[in-house]
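Below is one structure, written out as structure tokens; comments come after it.
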Amino acid sequence: MSPLRKTGAFAAALTAAFAAAYGVGSAVVPVDGGRTQETAHASMADDDGHAAQEPTAAHAPAGLQVTENGYTLDLGTTSLPAGARTTLRFVVRDAEGAPVTAYRTEHGKQLHLIVASRELTAYRHLHPTRAADGTWSTPVELPEAGGYRVFADFTPAAAKEGLTLGSDLAVTGRYAAHALPSPATTATVDGYTVRLDGAPAPGRESDLTFTVSRAGRPVTTLQPYLGAHGHLVALRSGDLAYLHVHPHEEAKGTTPSGPEVTFTATTPTPGTYRLFLDFKVAGTVHTAAFTTTTTGQGH
């Protein structure tokens, strides 16, 4: 099932539990070309110390499964070298194992591909091209060695709802552990400053408003990017459960071309998330990243 729903704004729910792929520290170790090892679906305690209920398969968070509703993400490239521009290839297969060759167009593309390091310090939002035989490919350069997660966000032409499937990717080279960046309400990227107002709230909808400025002045020249003035992807720290939402441009305080872009999201349980905001100015797409922590009770 797709994590997205529309209630006058785009909203989505993530249910996830923590699982670490790498420890955080100062060690530097080599990473080989094997598939990364993932520890998934560990239980999580709530504020009272009680273990949170693990999601059933029917309600599992997006991006944690390689197969769902009869569709499978077949990642042909399972290993890439760090710091080198190379090609990532994959196929989406149906229940009979045949490559899917017919997709619906969502937000200007038939498929959106997200690649993120498990430490959530590296992030790419890509739009691969599809060959006649159903093989997707895209050039990519990943900056650091370690474990990554690849997310394919798409809607098959034969399906009623969209899917987000995930698979592991190893990036080889000399690995250095990184700590998750601390929570902050501002981020700077390419000379732009982005301020975040609001935070995801467990069990209820909440607005996330991003305000873009440059040299202290509001940016009112945001351009449409894939049919919207901003794209937001949220990944849950630990298991990298996936949330992809788009702005509600009629929300209060939001103007069509900036400086504000507002999203509506719901998280069912407390936790730490990494938010990646894509916005476009003067023909160039920029990505601002934030760490945010939710508290309180979820469903």
Please test Asp207 against Thr262 for side-chain hydrogen bond (donor to acceptor under 3.5 Å, both in side chains), starting from the C-alpha separation and ending with a verdict.
CA-CA 7 Å; Asp207 284 343; Thr262 299; over 6 Å; no

Trace of the side chain to side chain contact (heavy atoms under 4.5 Å, CB included) decision for Val281 with Gln223
CA-CA 6 Å; Val281 182; Gln223 297 174 319; 5.6 Å; no

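Taking the ring centroids of Tyr225 and His231, they lie under the 6.0 Å cut-off.
Side-chain contact between Thr221 and Ser257: absent, with no pair of heavy atoms (C-beta onward) separated by less than 4.5 Å. Side-chain contact between Pro99 and Val92 is absent, with no heavy atoms from C-beta onward closer than 4.5 Å. Put simply, the side chain of Val261 reaches to within 4.5 Å of the side chain of Leu222, judged on heavy atoms. Annotation: side chain of Leu275 is in contact with side chain of Leu196 (closest heavy-atom distance under 4.5 Å). Two residues are said to be in side-chain contact when any heavy atoms from C-beta on lie closer than 4.5 Å; Leu113 and Asp153 fail this criterion. Here the side chains of Trp136 and Leu88 are not in contact, with every heavy-atom distance at 4.5 Å or above. Here the side chains of Thr291 and Thr272 are in contact, with some heavy-atom distance below 4.5 Å. Considering only heavy atoms from C-beta on, Pro224 comes within 4.5 Å of His229 through its side chain.
None of Leu169, Val115, Asp168, Leu120 except one satisfies the side-chain contact (heavy atoms from CB on, under 4.5 Å) rule with Arg149; the exception is Asp168.
Put simply, Ile114 and Leu240 are part of the same group of oily side chains (I, L, V, M, F, W, Y) that touch within less than 4.5 Å, one to the next. Each of Phe151 and Val91 belongs to its own hydrophobic cluster when Ile, Leu, Val, Met, Phe, Trp and Tyr are linked at side-chain heavy-atom distances under 4.5 angstrom.
For the atom pair CG of Leu165 and CZ of Phe90, the computed distance is 10.0 Å after rounding to the nearest 0.5 Å. Residue Leu208 holds its CG atom at 7.5 Å from OG1 of Thr292, rounded to the nearest 0.5 Å. Going from atom OG1 of Thr105 over to atom CG of Leu111 covers 11.0 Å, rounded to the nearest 0.5 Å. Annotation: the span from Ser167 atom OG to Gln65 atom CD amounts to 12.5 Å, rounded to 0.5 Å. In this structure, the separation between OG1 on Thr129 and NZ on Lys109 is 9.5 Å, given to the nearest 0.5 Å.
Here Asp197 pairs with Arg195 under the salt bridge (Lys or Arg N to Asp or Glu O under 4.0 Å) rule; sequence neighbours left out. In this structure, the ring pair (Phe, Tyr, Trp, His ring centres under 6.0 Å) partners of Phe279, at least two apart in sequence or on a different chain, are Tyr192, His286. For Phe210, the ring pair (Phe, Tyr, Trp, His ring centres under 6.0 Å) partners two or more places apart in sequence, or in a different chain, are Phe263, Phe290. Taking Tyr71 as the reference, nothing meets the ring pair (Phe, Tyr, Trp, His ring centres under 6.0 Å) condition, with sequence neighbours excluded.
Using a distance-only test at 3.5 Å, with no hydrogens or angles considered, no donor-acceptor pair links the side chain of His125 to the main chain of Tyr123.
For Arg104 and Gln110, the side-chain atoms include no donor-acceptor pair closer than 3.5 Å. Counted by atom type alone, Glu161 and Thr155 present zero donor-acceptor pairs between their side chains at under 3.5 Å. Judged by distance alone, the side chains of His127 and His112 do bring a donor and an acceptor atom under 3.5 Å apart.
Applying the side-chain hydrogen bond (donor to acceptor under 3.5 Å, both in side chains) rule to pairs touching residues 81-94 yields Asp74-Arg93, sequence neighbours excluded. The salt bridge (charged side-chain N to carboxylate O under 4.0 Å, His left out) contacts involving residues 270-292 comprise nothing, where partners must be two or more places apart or lie in separate chains.
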